[in-house]
Amino acid sequence: MDTMTGSIDARLREIKNRIASAAAAAGRSPAEIKLVAVSKTQPPESVREAISAGVGIFGENKVQEAESKIDLVGRDSAEWHLIGHLQSNKARRAVRLFDMVHSVDSIDLAERLERICEEEARVELPVLIQVDLAGETTKNGIAAAEMPSLVDFLNSCRYVKLRGLMTVPPYFEDVEKVRPYFAELRQLRDVYVPHGELSMGMSHDFETAIAEGATIVRVGTAIFGEREYANGK
Ligand SMILES: *Cc1c(COP(=O)(O)O)cnc(C)c1O
């Protein structure tokens, strides 16, 4: 299956069909699954093209890049989600820019976001906890064992609202090897954020994620084509 040819519009239609089929196969309604189009490294023109094709939510992984892009495309023309690691010195800009932050992974960061929301009169900031299921110290995310205190803290927040969990599993060519990570995130969600969002699944494995309960899939390459990194990464 070649998803790398054709227009953004055509690829998007194909992705939506695949989401619908995966949902149907799992006995779920496609309406339960939100598509976040991951536009990192993509130029504003591609984002505009995706908006015309019907995309309503974009995912960006860097505050700086998102800031200039959102400025050019228009803050109100879509929903903007931060899916990459958030450095504490960029928390204020993130609070101003994003509709949802998928990558909260420490009490320090959560505290900072809560304080900034108050200062910026942001009455509600929906967030997900990013969980590191593989225990890869190079990866972002909090270990499952450390989740309870972060969950307790977030549940005590007035402005920052815990809405669910997110994970980026290790990459395996064989998607069946990713499935246990998705299943594990779902179990954690059932314990810590019942009925909350499950942000999991990317271009390569979103159908498996949907089978395991994903409510948000983050798809970049399969919509926009391969990313080009201007200077290495
Ligand atoms: C880049 C990225 C994606 C999208 O990856 P694709 O393989 O291009 O679909 C999803 N989630 C996160 C956190 C990312 O950084």
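Atoms within each ligand, like the ligands themselves, are counted from 1 in listed order.
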- Quick one: does His204 get within less than 4.0 Å of ligand 1, heavy atoms only? no

- Item | Close approach, Arg227 and ligand 1, non-hydrogen under 4.0 angstrom | yes

List every atom of ligand 1 that sits less than 4.0 Å from any heavy atom of [X], numbering the atoms from 1 in the order shown and giving each element.
| X | answer |
| --- | --- |
| Ile83 | 11 (N), 12 (C), 13 (C), 14 (C) |
| Val219 | 9 (O) |
| Gly220 | 4 (C), 6 (P), 8 (O), 9 (O) |
| Val168 | 13 (C) |
| Thr221 | 6 (P), 7 (O), 8 (O), 9 (O) |
| Lys40 | 1 (C), 2 (C), 3 (C), 14 (C), 15 (O) |

- Any chance the rings of Trp80 and Phe58 have centres within less than 6.0 Å? yes

- Item | Closest non-hydrogen atom pair between Leu82 and Lys62, with its separation | CD1-N, 4.3 Å

- Message: Given Glu197, which partner from the list Arg189, Lys34, Arg186 fulfils the salt bridge (charged side-chain N to carboxylate O under 4.0 Å, His left out) test?
- Response: Lys34

- Looking only at distance, does Arg218 have an N or O less than 3.5 Å from an N or O of ligand 1? yes

- Query: Between Asn61 and ligand 1, does any nitrogen or oxygen pair lie at a separation below 3.5 Å?
  - Reply: no

- Item | Any side-chain donor near an acceptor of the partner, Glu226 and Thr221, under 3.5 Å | no

Below 4.0 angstrom, N of the basic side chain to O of the carboxylate: do [X] and [Y] qualify?
| X | Y | result |
| --- | --- | --- |
| Arg179 | Glu212 | yes |
| Arg112 | Asp108 | no |
| Glu111 | Arg115 | no |
| Arg75 | Asp99 | yes |

- Give the residue, atom name and distance (to 0.1 Å) of the protein heavy atom nearest atom 9 (O) of ligand 1. Ser203 OG, 2.5 Å

- Could you find the nearest protein heavy atom to atom 10 (C) of ligand 1 and give me its residue, atom name and distance? Met202 SD, 3.3 Å

